Visitor: 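This is the structure I want to talk about, given as structure tokens.
The shown structure was predicted, so the numbers you read here are calculated from the model rather than taken from an experiment. Reminder, nothing fancy here: chain letters follow the sequence lines and each chain counts from 1.
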Amino acid sequence: MENWLSWIYLQQEMIYIVALMILLGIEVIGRVPSVLHTPLMSGANAIHGVVIIGAIIVMGKAEPDNYLALSLGFLATILGTLNVVGGFVVTDRMLEMFKKKKKDEKS
Amino acid sequence: MELSILSIIYIIGSLAFIAGLKMLSDPAHARRGNQVAAAGMGLAIFGAIFLYETEGEKLHNHLWIFAGLAIGGIAGALAAKKVKMTAMPEMVSLFNGMGGACAALISIVEFDHLIKHPFAVSFNASSVLAEGSVAPELISMGHVLIILLGMAIGAMSFSGSMVAWAKLNGRLKDYSFKGQHVFNLFILLLIIVGISGLVANIAGGFRVDARLDPLSIRVVTASWIPWLFYGILFLSLAYGIQFVLPIGGADMPVVISLLNSFTGVAAACGGFLYDNKAMLTGGILVGAAGTLLTILMCRAMNRSLINVLVGSFGGQQAGEGSAQEQGSFKEISVSDAAAVLNYSSRVMIVPGYGLAVAQAQHVCHELEKLLADKGVDVQYAIHPVAGRMPGHMNVLLAEADVGYDKLMEMEQANELFPSTDAVLVLGANDVVNPAAKSDPSSPLYGMPILDVELAKMVIVNKRSMKPGYAGVENALFFQPKTSMLFGDAKSVLQQLVTEIKTL
């Protein structure tokens, strides 16, 4: 019990962030028109690619003889980057099509 | 100094994610929003590479990190550039799976680290431990729980997304067996029991074996710990597969959205592990937003999330009984259809997955322009769940340059149908099935639909009389108002265009 309490005490900032972000996530997305659902899902998909930072830390902390951390970290870095880069590029491609008309008018 | 710069970078990154998501939900700023989020991500990634330090030590292995970034970046950009617009849902699912796998791998490495250096994680307490002792209070159960959750959720998201990807591109068919839901629940229960068991008993699994010098000890780990850990990993992978396999194609968007939020939560677990607020904000934002989006999608189909996950929609049992009793349908020739469209004053086009499969969006736009030139008022009626993902049709039609103002959402379209002369249904089925209103025994019952039957005439283009994704017969096709125009959407539209040009 004490173990849990001290963990919660140590992580209280993080727990506050979790609670607020849940509300914010719901609030932000609540007013999205259904037209944008697919790009939004794709954009959100790219944002959770932030997990790549964890992969970078794993890689960067690995001692030269820790082959498990090195190989899994390397793999995780590749997969995470795929998620981030692919996600943002796909979303941009979708949105580019929405905006094509307006951009032509401007130029 | 550098650490404070890094935390400022993380703050900027987090704000960029929030602002990006906010802008993504507004048509006028959506693209900018995506770029803002991407910029924040880039900043956070490079900040982590160059500025991160733990216990005064910087990250090393830069060569490996950059090699990984380069490989993933190039492959991801190429895949995303080359994918066809119709294959978009698969692509999102695939990328989502990659993120899930990334989170699971991180947890695996961290767990390995934990069982090798169990007492270094919570406090620097090596010095107080005597030889042969166990020290349960020195291992933070919260930390272990977060590692396990990140691993289990990431693994489920990975295997589930891969199955969703394979199903959407036709490599895998729906598969279910009797008692599957009970079986799935059983696996899930095993995972939960395994995680709680491991968390509750982890401390007992370590024993100080030898004291090497005042600050360093050797620890023996009980062999059941890694076994249980990899057992949970295996079960989570299996659960992801089992969970997505029986779900019908019509529900795939819901599933992908749900898995998307799973990966968000898994990423947030990583945020806890490294006390990294950018990961935490990004992950939880997506977790919350993804869950809400999932619920919104379910609502559009008038089904509860539980129903999607537990009740398998369509598939085998539905629709067979009523198939024969519907009576006969009538066909219409291309030239007649062309004439009908040409002499209507308002035409409503209802696109569906058939249009996407046939890649017919460009021809469809051509037809629309041609009719508009002839003075016909042409609009598109977009059902929220038409195609494979909400908004899928909008993306496709936008690709073909169809104007934003031509796309009617369901409520608007339903108001216009009574004053519409002809409706052209292109490869849509379940979203125009009147059984959703009239037949309480239909699996579609209660789903809001496009009331195309209110129009004066309905022309349905389909490849055959086969039922749609929900596996239900569509009474619309047998109504006197309805004429069937069989054929691949693209070739039919091309013929229509040629015909109308000659009129």
Side-chain angles (χ1 to χ4, degrees), chain A residues 3-4 7 14 17-18 21-22 24-26 28-29 31-32 34-45 47-60 62 68-69 72-92 94-95 97-99, chain B residues 17 21-22 24-25 30-31 34 37-38 48-49 59 61 64-65 68-69 71-73 76-77 79-80 91-92 95-96 98-99 101-103 105-106 109 112 140-142 257 260 263-264 267 270 272 274 279-286 288-290 292 384 389-392 394-395 398-399:
Chain A
N3 193 317
W4 284 106
W7 182 76
M14 305 299 263
I17 297 180
V18 169
M21 280 303 142
I22 291 175
L24 194 59
I26 291 173
V28 157
I29 240 187
R31 278 173 229 129
V32 62
S34 70
V35 199
L36 281 174
H37 277 178
T38 300
L40 182 73
M41 188 199 281
S42 177
N45 178 46
I47 289 175
H48 70 49
V50 71
V51 69
I52 175 75
I53 292 180
I56 289 172
I57 294 175
V58 162
M59 269 273 29
L68 180 90
L72 293 189
F74 185 59
L75 186 60
T77 312
I78 295 179
L79 297 181
T81 321
L82 263 176
N83 187 178
V84 171
V85 176
F88 280 122
V89 174
V90 159
T91 314
D92 192 63
M94 289 183 199
L95 294 168
M97 292 176 315
F98 279 108
K99 301 271 288 179
Chain B
F17 294 156
L21 259 193
K22 177 81 196 158
L24 265 172
S25 52
R31 195 170 179 205
N34 188 49
I49 296 177
L59 294 178
N61 296 324
W64 284 101
I65 295 176
L69 288 178
I71 297 175
M91 210 65 214
V92 174
F95 289 143
N96 183 46
M98 301 294 105
C102 182
L105 289 173
I106 292 170
V109 175
D112 180 65
S140 164
M141 291 186 189
S257 173
N260 197 23
T263 313
F272 264 99
Y274 300 115
M279 285 172 81
L280 189 70
T281 0
I284 293 290
L285 257 188
V286 174
L292 180 68
M389 280 182 143
H392 192 188
N394 307 74
V395 172
E399 189 199 8

Visitor: Is there a side-chain contact (heavy atoms from CB on, under 4.5 Å) between B:I71 and A:F74 once you walk through the steps?
Guide: CA-CA 10 Å; B:I71 297 175; A:F74 185 59; 4.0 Å; yes

Visitor: Looking at chain A, which one of B:L285, B:N260, B:L292 has the largest number of heavy-atom pairs inside 4.5 Å, strictly under?
Guide: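 Answer, by heavy-atom pair count under 4.5 Å with chain A: B:N260.
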
Visitor: For B:L24 and A:L95: C-alpha separation, side-chain torsions, deciding distance, then whether side-chain contact (heavy atoms from CB on, under 4.5 Å) applies.
Guide: CA-CA 9 Å; B:L24 265 172; A:L95 294 168; 3.7 Å; yes

Visitor: Could you tell me which portion of B:A77 (side chain, backbone, both or neither) has an atom closer than 4.5 angstrom to a non-hydrogen atom of chain A?
Guide: both

Visitor: To the nearest 0.5 Å, how far apart are CG in A:L40 and CG in B:L21?
Guide: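 That separation rounds to 6.0 Å.
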
Visitor: Show every side-chain hydrogen bond (donor to acceptor under 3.5 Å, both in side chains) that has at least one partner inside residues 72-91 of chain A, sequence neighbours left out.
Guide: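 As it turns out, the side-chain hydrogen bond (donor to acceptor under 3.5 Å, both in side chains) pairs with a partner in residues 72-91 of chain A, which skip direct neighbours, are A:S42-A:T91, A:H48-A:N83.
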
Visitor: Take B:I49 and B:L69 through the test side-chain contact (heavy atoms from CB on, under 4.5 Å) and record every step on the way to the result.
Guide: CA-CA 11 Å; B:I49 296 177; B:L69 288 178; 3.6 Å; yes

Visitor: Tell me which of these, B:C102, B:G290, B:S257, B:A288, has more heavy-atom pairs under 4.5 Å with chain A than the rest.
Guide: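 The answer is B:C102.
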
Visitor: For B:L280, is it the side chain, the backbone, both, or neither that has a heavy atom closer than 4.5 Å to a heavy atom of chain A?
Guide: side chain

Visitor: Please determine whether side-chain contact (heavy atoms from CB on, under 4.5 Å) holds for the pair B:Y274 and A:V58, giving the CA-CA distance in whole Å, both sets of side-chain angles, and the decisive distance to 0.1 Å.
Guide: CA-CA 10 Å; B:Y274 300 115; A:V58 162; 3.0 Å; yes

Visitor: Say whether, by atom type as modelled, one donor and one acceptor occur between the side chain of B:N34 and the main chain of A:F88 under 3.5 angstrom.
Guide: yes

Visitor: With chain A, which of B:G99, B:G283, B:A267, B:A289 has the greatest number of heavy-atom pairs at distances under 4.5 Å?
Guide: B:A289

Visitor: Identify which part of A:V84 has an atom lying under 4.5 Å from any heavy atom of chain B, answering side chain, backbone, both or neither.
Guide: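 Looking at A:V84, just its side chain touches chain B.
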
Visitor: Between B:F272 and chain A, with a heavy-atom cut-off of 4.5 Å, which part of the residue counts as in contact: side chain, backbone, both or neither?
Guide: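 Both parts, backbone and side chain.
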
Visitor: When you measure from the side chain of A:N45 to the backbone of A:G87, do you find a donor-acceptor pair of N or O atoms at a distance under 3.5 Å?
Guide: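 No, A:N45 side chain to A:G87 backbone: no donor-acceptor pair under 3.5 Å.
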
Visitor: Could you check which of B:A79, B:A101, B:G264, B:G270 has the highest count of heavy-atom pairs closer than 4.5 Å to chain A?
Guide: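 Answer, by heavy-atom pair count under 4.5 Å with chain A: B:G264.
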
Visitor: For each of A:I52, A:V90, A:L75, tally heavy-atom pairs with chain B at distances under 4.5 Å, and name the one with the top tally.
Guide: A:V90

Visitor: Contact part of B:M91 toward chain A, heavy-atom cut-off under 4.5 Å: side chain, backbone, both or neither?
Guide: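 B:M91 touches chain A through side-chain heavy atoms alone.
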
Visitor: Between A:V28, A:I47, A:V85, A:L68, which has the largest tally of heavy atom pairs under 4.5 Å with chain B?
Guide: A:I47

Visitor: Quick check for you: among B:A48, B:A37, B:A103, B:G72, which has the greatest number of heavy-atom pairs under 4.5 Å with chain A?
Guide: B:G72

